[in-house]
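Have a look at the structure below before the remarks.
Basis for what follows: all heavy atoms, side chains included, without hydrogens, waters or symmetry-related copies.
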Amino acid sequence: MNRKKDLQDLYENDGNKEKDTHEPMDPSVDPTAESPVPLKRDDDHPEIQRSTGESDAGEASLHEDEAVEMSISELLANEKSVSEAIVEEALAIEAFTDEIAEQEAAEAQAEENSEADDGEEIRVDIYAIDIDGHPVELYDDTEKDEVLDTEEEITEETVEEATREAIEEVTADIEGEEEILAEQRPQEMERKFEYLEELLDNRRYADFRADLAELNPVDAADFFYELNPHRIPAVFKLLDKDTAAAVFAELEIEVQERIITAMTDREISLIVEELALDDTTELLKELPANMVHRIMKNATPETRTDINRLLAYPEDSAGSVMTAEFIDLRRDMTCAEAIARIRKTGVDKETVYVAYVVDHHRVLQGAVPLKDLLFASADDLIEDIMDEDIICASTMDDQETVASTVAKYDLLAIPIVDREYRLVGIVTVDDAIDVMETEATEDIEKMAAISPTDKPYLRTGVFETWKKRVPWLLLLMLSATFTSTILAHYEGILDAATLSLAVFVPMLTGTGGNASSQTSVTVIRGLSLGEIEMRDIFRVLWKELRVASVCGITVAAACFAKTMLVDLKLVFTVDTIEVAAIVSATMFCAVVFAKLMGVLLPIGAKRVGLDPAVMASPFITTIVDTLTLLIYVGIASAVLPI
C-alpha cells in the first residue's frame with residue numbers, strides 16, 4: 001500500500017508541474033469546481049470604455065480563452081486516470097514477479113529438504129477418538145518396528161495392517177474398561193443399598209422414596225432382598241404408586257405373597273390396576289387360592305374379565321403369556337388420526353412401537369411400525385403404509401415356539417390370534433426372553449435328571465429339592481439293575497480270559513455313556529432351536545454314523561495300545577492279544593451304537609410327544625451301559641474258547 005501511494009504522489013506532482021507551465025490560474029477560479037468559472041472581463045471595470053466593435057472582439061477572445069481552459073482541465077483529468085492505470089499495472093506486474101520468485105524459492109527448498117532427508121526415518125502416528133471425543137495416540141515411532149523408511153513403499157496392505165492393529169488395541173482397551181465397570185457396578189450398588197438402609201434407619205422416608213425411584217426396578221427389587229423379610233411390607237408401602245407397581249413386578253413370588261398379605265383391599269386394587277395384565281396373570285398362577293380370590297375381588301370388572309380370559313388358556317400356550325394391552329388402528333384412519341390415538345391410549349399399553357390394524361370384527365389385517373407413522377404425511381391413510389404380510393401366532397401354539405419365532409424374525413412383538421383370526425393379544429420380546437430362559441432351565445434340569453422348578457436355587461427348601469431329585473435317582477437305580485444282572489449272568493465268560501475282562505467294564509461303559517451324551521445333547525439342542533426336524537432323521541443318522549466310525553476307530557486304537565502297555569505290561573502272547581482285541585472291538589462298537597442311540601432316543605421322544613431333554617444323560621447313559629455290556633460279552637463269547 002505504501003508503494004502504491006508513493007507512485008500515485010509521484011504522478012500527481014508531475015501533473016501539477018505541467019499545469020504550472022501552461023498558464024497561471026486566476027485566484028478567483030476554484031480548481032476543484034465541476035464546471036470552470038469564467039474569468040473577469042475588462043468591461044466589468046467602469047474605467048475601461050470600449051466601442052461596440054471592440055466589445056464584440058473582446059467577448060470572442062474571452063470565449064476562446066474559456067474553451068482553452070476547459071480543454072486543459074480535461075487533459076489533466078485524463079492524464080490523472082492514465083497515471084492511476086499505470087500505477088495499478090505496475091503493482092500487478094510486481095505482485096506477479098514476487099509470486100514467481102516465492103514459488104521458485106519453495107521448489108528449491110523442497111528439493112533441498114528431499115536431498116537432506118533421503119534415507120532418514122519418518123514418523124507415522126495413528127490416532128483414534130475415545131468415547132469422550134478426545135484424540136488418542138494409538139502408537140508412534142518410539143520403537144523400531146513402528147518406523148517406516150522413506151525408501152519402503154507404503155502399500156494398501158501396510159495401511160490395513162496398521163489400522164487393524166490399532167483397532168485391536170483400542171478394542172482391548174475398551175474391553176478392559178468394560179470389565180472394570182462390571183467389577184465396579186456391584187460395589188456401587190452395595191454402597192447405594194447401604195445408603196438407602198441408612199435413610200430408613202434415620203427415618204428420612206421422603207429422601208428414601210426419591211432415591212429408590214431413581215433406581216432401575218430390577219435393582220430396586222434386589223434392594224428388597226437385602227432387607228429383613230419382616231421389614232419388607234412396611235418399606236414397600238413407602239413407595240409411590242408407579243414405583244411400587246414397577247418394583248412389585250420384579251419381585252419373587254414369595255416376596256409378593258408377603259407384601260399382599262400385609263396390604264389392605266384398596267392397596268391391592270391400586271397395585272393390580274397398575275400392573276401389566278400379563279404380570280398379574282403370572283402372579284395369580286403362583287399365589288394360593290385365598291389370595292387369588294382376594295385379588296380378583298378387588299380388581300375392576302374389566303380387569304377381572306381380561307384376567308379370566310388369559311387364565312383359561314393352557315399352561316404352556318401362547319395365550320397364557322400374551323397381554324391384551326396393545327394399540328389397534330383402523331385402515332381408513334389417516335396418519336395424523338393414528339398418532340393422536342396412540343398419544344391418547346398408548347400410556348397404558350405394553351408397547352407403542354408397533355400398532356396393529358383390525359377391522360370392525362377385530363380381524364387382523366396388518367401392522368404399522370411407529371417409525372412409518374412418524375415419517376409419513378399426515379394425510380396418508382393407514383391402509384397405504386401398513387404391512388399386510390405379518391407374522392402371527394395362535395393362542396394354542398406352544399410358548400417356546402412363539403418365543404423362537406420372535407427371536408428368528410427379530411420382532412419387538414408378535415400378534416396372537418384366535419381361530420377366527422381375530423387379534424386377542426400380543427407377546428412382547430421381554431416375555432419371549434422370559435419364556436426362552438424358563439424353557440432352557442427346564443431342559444437343563446431334565447437333562448440332569450431333576451424335576452423342573454420355578455424357584456431359584458437358594459430360595460428352594462431342602463424338602464422341596466429332595467422331592468425333585470429322588471424320583472429320578474430311584475428310577476436310575478432300578479434301571480441299573482439290568483447292568484448287574486448281565487454281569488452276574490456272564491461272570492464265567494468274563495473270568496475265562498488270562499486277565500479278567502471285568503476290569504475293563506467301567507472304562508467301556510463310561511466311554512459309551514460319554515459318546516451318547518455328546519450326540520444326544522447336540523440333537524436335543526437342534527430340536528429345541530428348530531434346526532432338526534423329524535424329516536431329517538436319516539440325514540442325522542448318516543452323519544452321526546460316519547462321525548461315530550471315525551471316533552470309534554480312534555478310541556479303539558488308543559484302547560488297544562493302553563491295554564497292552566498298562567494292563568498287560570507289553571506281554572505279547574496269543575491270550576493277551578485276544579484280550580486287547582476284545583476290549584478294543586467292544587470299544588469301537590460301543591461308541592458307534594452309543595452315538596446312534598443319542599440320535600434315535602431324543603427324536604423318538606419328540607415323535608411320541610415327550611420332551612427330548614428327558615432322553616439326555618443320565619437316562620440315556622443307563623441304556624447305553626446295558627447295550628455296551630451285551631456287546632462286550634457277545635464279542636468275548638465269540639473269541640474266547642469257552
Side-chain angles (χ1 to χ4, degrees), residues 313-322 389-419 421 426-427 429 431-449 452 512-552 591-621 623-624 627:
Y313 293 107
E315 178 67 23
D316 295 329
S317 65
S320 65
V321 296
M322 72 179 183
D389 185 16
I390 56 177
I391 300 169
C392 60
S394 173
T395 54
M396 294 301 174
D397 289 345
D398 186 82
Q399 62 180 8
E400 187 174 5
T401 303
V402 175
S404 300
T405 304
V406 173
K408 179 179 180 180
Y409 294 99
D410 295 330
L411 302 176
L412 293 176
I414 183 171
I416 307 298
V417 297
D418 59 11
R419 294 179 180 178
Y421 208 73
I426 60 173
V427 174
V429 63
D431 294 329
I433 292 175
D434 293 338
V435 169
M436 296 175 70
E437 181 181 354
T438 302
E439 294 294 334
T441 303
E442 289 183 2
D443 291 345
I444 293 173
E445 290 175 338
K446 289 178 181 179
M447 292 169 66
N514 292 333
S516 63
S517 297
Q518 288 179 337
T519 304
S520 62
V521 169
T522 304
V523 173
I524 291 171
R525 188 58 179 166
L527 291 171
S528 300
L529 297 178
E531 298 174 354
I532 299 176
E533 302 291 343
M534 294 299 300
R535 62 177 181 271
D536 300 325
I537 182 171
F538 294 107
R539 291 177 57 194
V540 177
L541 280 173
W542 172 236
K543 176 181 178 179
E544 288 298 329
L545 179 61
R546 289 176 290 170
V547 174
S549 300
V550 178
C551 291
V591 170
V592 172
F593 277 94
K595 288 192 173 294
L596 294 180
M597 293 300 296
V599 174
L600 293 173
L601 288 179
I603 295 180
K606 185 175 183 179
R607 184 67 181 84
V608 298
L610 297 177
D611 192 337
V614 177
M615 293 301 170
S617 57
F619 186 77
I620 195 173
T621 302
I623 298 176
V624 171
L627 291 177

List in chain and number order the residues that pass side-chain contact (heavy atoms from CB on, under 4.5 Å) with Cys392, two or more places apart in sequence or in another chain; answer none if no residue qualifies.
Leu364, Pro415, Val417, Tyr421

Can you confirm whether Arg419 is buried at CZ, in the sense that more than 12 heavy atoms of other residues, nucleotides or ligands lie under 6.0 Å from that atom?
no

Could you pull out the closest heavy-atom pair between Ala613 and Ile524, with the gap in Å?
CA-CD1, 3.9 Å

Smallest separation among heavy atoms of Ala594 and Gly512, with atom names:
CB-O, 3.2 Å

Atom CG in Leu601, atom CG in Leu596: separation rounded to 0.5 Å?
10.5 Å

Nearest 0.5 angstrom please: Ser317 OG to Asp397 CG, how far?
9.0 Å

The residue among Leu545, Val624, Thr522, Thr519 that forms side chain to side chain contact (heavy atoms under 4.5 Å, CB included) with Lys595 is Thr519

Can you confirm whether Tyr313 is buried at OH, in the sense that more than 12 heavy atoms of other residues, nucleotides or ligands lie under 6.0 Å from that atom?
yes

Report the C-alpha distance between Asn514 and Thr621 in whole Å, list the side-chain angles of each, state the deciding distance to 0.1 Å, and finish with yes or no for side-chain contact (heavy atoms from CB on, under 4.5 Å).
CA-CA 8 Å; Asn514 292 333; Thr621 302; over 6 Å; no

Taking the side chain as everything from C-beta on, heavy atoms only, tell me whether Ser516 gets closer than 4.5 Å to Met597.
no

Report yes or no: does Ser320 contribute a side-chain atom to a donor-acceptor pair with the main-chain N or O of Glu315 at less than 3.5 Å?
yes

side-chain contact (heavy atoms from CB on, under 4.5 Å) evaluation trace for Val402 with Val435
CA-CA 9 Å; Val402 175; Val435 169; over 6 Å; no

Applying side-chain contact (heavy atoms from CB on, under 4.5 Å), can you list everything that pairs with Val540, at least two apart in sequence or on another chain?
Val523, Ile532, Asp536, Glu544, Val599

Nearest non-hydrogen partners of Ala403 and Ala432, listed with the distance:
CB-O, 3.6 Å

What I'd like to find out is whether the side chain of Ile426 reaches to under 4.5 Å of the side chain of Asp431, using heavy atoms alone.
no

Partners meeting side-chain contact (heavy atoms from CB on, under 4.5 Å) with Asp316 (sequence neighbours left out):
Asp398, Gln399

